Number of protein chains: 4
Amino acid sequence: MARAAKSKAAAVTSRRDEIIEVAAQVIAERGIKGATVRDIGQAAGILSGSLYYHFDSKEQIVLELLLPSIEEQYERSLAIRAQAVSPTAALTELIRTSVHETAKHPNQAVILRNEARTFRDVEALAPVAELRAKTVALYVEVVNAGRKSGEFRSDIDVDIVVRAMFDGLLGAARWFTGPRRRKPEQVAAALVDLYVHSLQP
Amino acid sequence: MARAAKSKAAAVTSRRDEIIEVAAQVIAERGIKGATVRDIGQAAGILSGSLYYHFDSKEQIVLELLLPSIEEQYERSLAIRAQAVSPTAALTELIRTSVHETAKHPNQAVILRNEARTFRDVEALAPVAELRAKTVALYVEVVNAGRKSGEFRSDIDVDIVVRAMFDGLLGAARWFTGPRRRKPEQVAAALVDLYVHSLQP
Amino acid sequence: MARAAKSKAAAVTSRRDEIIEVAAQVIAERGIKGATVRDIGQAAGILSGSLYYHFDSKEQIVLELLLPSIEEQYERSLAIRAQAVSPTAALTELIRTSVHETAKHPNQAVILRNEARTFRDVEALAPVAELRAKTVALYVEVVNAGRKSGEFRSDIDVDIVVRAMFDGLLGAARWFTGPRRRKPEQVAAALVDLYVHSLQP
Amino acid sequence: MARAAKSKAAAVTSRRDEIIEVAAQVIAERGIKGATVRDIGQAAGILSGSLYYHFDSKEQIVLELLLPSIEEQYERSLAIRAQAVSPTAALTELIRTSVHETAKHPNQAVILRNEARTFRDVEALAPVAELRAKTVALYVEVVNAGRKSGEFRSDIDVDIVVRAMFDGLLGAARWFTGPRRRKPEQVAAALVDLYVHSLQP
DNA sequence: GATGAATGAGCTTTCATTCAT
DNA sequence: CATGAATGAAAGCTCATTCAT
């Protein structure tokens, strides 16, 4: 009976989570506008109308599929900055964590990369846009700290550099899907090297 | 009369080009799927149906709006590689040109960045996808040449570095639209510095 | 100058008639609804808008293209009935004339056959429907006369027989267009034989 | 309860079939091009968009509405030819069956008569055109058999006669719709008499 | 007489969403 | 929980028609 209860509880969350996982894949492939609720339903093995038993709207599915992973990422980033012994160590760890997170949730990363405009325009997805902005701001702060401490070059345009870095990180999902795969460590190492090296005097 | 003839000649190409320019802006703002032909028509000051006097389909508008600028960019890239005195000079010039091109056609750049998936999936837009792939390949070749010549570090994953670089360049449109603008030279300099520096031993 | 005037006069009617002839072909091929004014214009070598210099509407083109030939046919039918020495001779001549007329204007015949419904429904084309009805009535009268005179069998349902005959005649255009052509005399003979023979005791 | 189950089972096929039946009527009245999906939806009591829950396209509706009845007719024709004791008997039965089938599905017959061109031109409707051609061919074979056996006159142009016959049969729907109705037996008898009589020496 | 550009109504189709069963 | 059927709004596109040049 403990077993039954457990599997029941598991199943309860599972159905929603299953749908979310499947939706992430479909939406990563076709975009938010391009992925229809029929597509999502079909991939989940139910009719599109049945999705509305689990979710209030398509937007809500998108939100629930993105929010946990970027919240987690943002909180980890906060922790990293708080605990890091130096800006260099902080940035290194931020990049590394970002890449590993992307490897774990490549579909979410793809959506995040491609639909920034949607997050700005669709009311319901504002939290996503907001967390993204906060994450970028955090990167900027770390780089600025490095400039002050002398670890990073001072003759750089921080905004431009950080945005370019961010764009590079957002594209990393490419290495964890489809053909030409890489190991997360490999990608993380390459990007840490690229960006940290470029900031050093 | 020379003047009249001239303005007449200008008007001949003008209507189509006007529409294309306006469409680029609308589509950059809302995406290919998100921008309706009604939106485009309204921005151009005509009814959506009237667009079909000038173009066969929405897809054709997208194609005509993208193809010239990426063709130009690709051909310039070929010329740069052919004429550059060294891989370092070549890469520097590639980045600089890319940024300036982006500054000249920011809407096209935004679309190019956000809709890569669409180019792959929509038959009619295949030429765009193809040119993009060829441009990436050209960057890879230049970086590889630099590694062989010893100008660039040999301990890098070229694919990862070039893709990250490309992602950074594709995002540059952000600095030429909306608020927080930068001068093209400034952005070009920052990105040249970022990427070339990171490749040097 | 007589020549010039003549060729001018000829040209004046010619343009309209040219268009009508070309329209007949296009409409026979694609139907009244299916043939667009663009199609017609293109076949005539002008833009669709230019058709409206010559005609008030698409409907008017259809009307002008059909009316002359069915008016002529109706009047000939009247004359035949008036002059014929017997119902058998009359029917024979009606069928023969109908086939030859069809051979001369196969496109009109095709339209007449396929769009009877349109003539009923479209106000402007009412004259066509009316003339058709009158022609059918004339056939009925001739057959009835033959029954009274004893030349034709009296044990037939005149309405049914005449309609079937008419359907057969309307389909004759098939032998004067496309592949598998026949000579008008051949078709006329075959149909005279078929229908007259079937009416004889 | 048996009753409930039955009506349920009936309802299962019912919705699609209801729509098809209603579409047949609307399309017979206005033609394939002239009948809009809105017309069909309205006649079926739903919005046009809802039709697409049941069918993929308007073309599919047309196909499903025609195919069963002409398939049935073709197969019956095959059976008749196989079982008939003589060409005369075969032709008699072919005509009789055709008329009764037309009486049962007058809307389909009207469409079949008026839209032959459409079946040729619209890819999706090719099966209809094909079956029609095969049916005509079958009639030709039967008449040819009769000529060889001496039952039918040998001095006729078989193609012309059979086509005229076919045109007459296709028009028979007129007697089963609107005013001036006839009983199927009456029409069948009249047409059998007309065509068989005309073929006999 | 003809063109080029546009209108406006209407077309087929798509899609997020709702709801009785 | 899920289905089957529908809604209603909106999408891309077509087409007869108009009109200044």
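Note that the structure is predicted; figures quoted are calculated from it, not measured. Just so we're on the same page: letters track the sequence lines, and every chain starts at 1.
- In this structure, A35(B) and K58(B) approach most closely via the heavy-atom pair O-NZ, 2.8 Å.
- Atom CD of Q42(D) sits in a sparse spot, with 12 or fewer heavy atoms from other residues, nucleotides or ligands closer than 6.0 Å.
- The minimum heavy-atom distance between N107(B) and A24(B), with the atom names listed, is CB-O, 3.5 Å.
- Nearest heavy atoms, G41(D) versus L51(D): N-CD1, 3.9 Å.
- Interface residues of residues 19-29 of chain C facing DNA chain E, ordered by number: none; criterion, heavy-atom separation under 4.0 Å.
- For T118(A), the side-chain hydrogen bond (donor to acceptor under 3.5 Å, both in side chains) partners at least two apart in sequence or on another chain are E115(A).
- Taking atom CZ of residue F55(B) and atom C1' of nucleotide dT14(F), one finds them 18 Å apart after rounding to whole Å.
- With sequence neighbours left out, S57(C) forms a side chain to side chain contact (heavy atoms under 4.5 Å, CB included) with E59(C), Q60(C).
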Side-chain donor/acceptor pairs under 3.5 Å, residues 121-132 of chain D, sequence neighbours excluded:
| unit_1 | atom_1 | unit_2 | atom_2 | d |
| --- | --- | --- | --- | --- |
| R132(D) | NH1 | L112(D) | O | 3.2 |

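- For dG4(E), the OP1/OP2 oxygens have no side-chain nitrogen or oxygen of H54(B) closer than 4.0 Å.
- For V22(C), the side chain to side chain contact (heavy atoms under 4.5 Å, CB included) partners at least two apart in sequence or on another chain are A43(C), A44(C).
- Going from atom CD1 of I40(C) over to atom P of dA2(E) covers 15 Å, rounded to whole Å.
- Annotation: salt bridge (charged side-chain N to carboxylate O under 4.0 Å, His left out) contacts of R113(D) (sequence neighbours excluded): D167(C).
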Where protein sits on nucleotides 13-21 of chain E, one letter per nucleotide: B base, S sugar-phosphate only, - none, heavy atoms under 4.0 Å: BBSBBB---

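- One N or O on the side chain of Q108(D) and one on the backbone of L65(D) form a donor-acceptor pair closer than 3.5 Å.
- I46(D) has its CD1 atom 5 Å from the P atom of dA6(F), to the nearest Å.
- Distance from the side chain of L47(D) is smallest to dT7(F) among dT3(F), dA5(E), dT7(F).
- One interatomic measurement links the two molecules: CD of E18(D) to C1' of dA6(F), which rounds to 14 Å at whole-angstrom precision.
- Atom CZ of R30(C) is separated from atom C1' of dT14(F) by 14 Å (rounded to the nearest Å).
- In this entry the distance linking CZ of R16(C) with C1' of dA2(E) reads 16 Å, nearest Å.
- Evaluation of the salt bridge (charged side-chain N to carboxylate O under 4.0 Å, His left out) test over residues 29-44 of chain D, restricted to residues two or more places apart or in two chains, returns R30(D)-D39(D).
- Taking a pair as Watson-Crick or G-U wobble with both distances under 3.5 Å, DNA chain E forms stems of 3 or more consecutive pairs at E:2-21 with F:2-21.
- For R15(B), a side-chain nitrogen or oxygen approaches OP1 or OP2 of dA6(E) to under 4.0 Å.
- We find that CG of L51(A) is positioned 15 Å from C1' of dG4(F), with the value rounded to whole Å.
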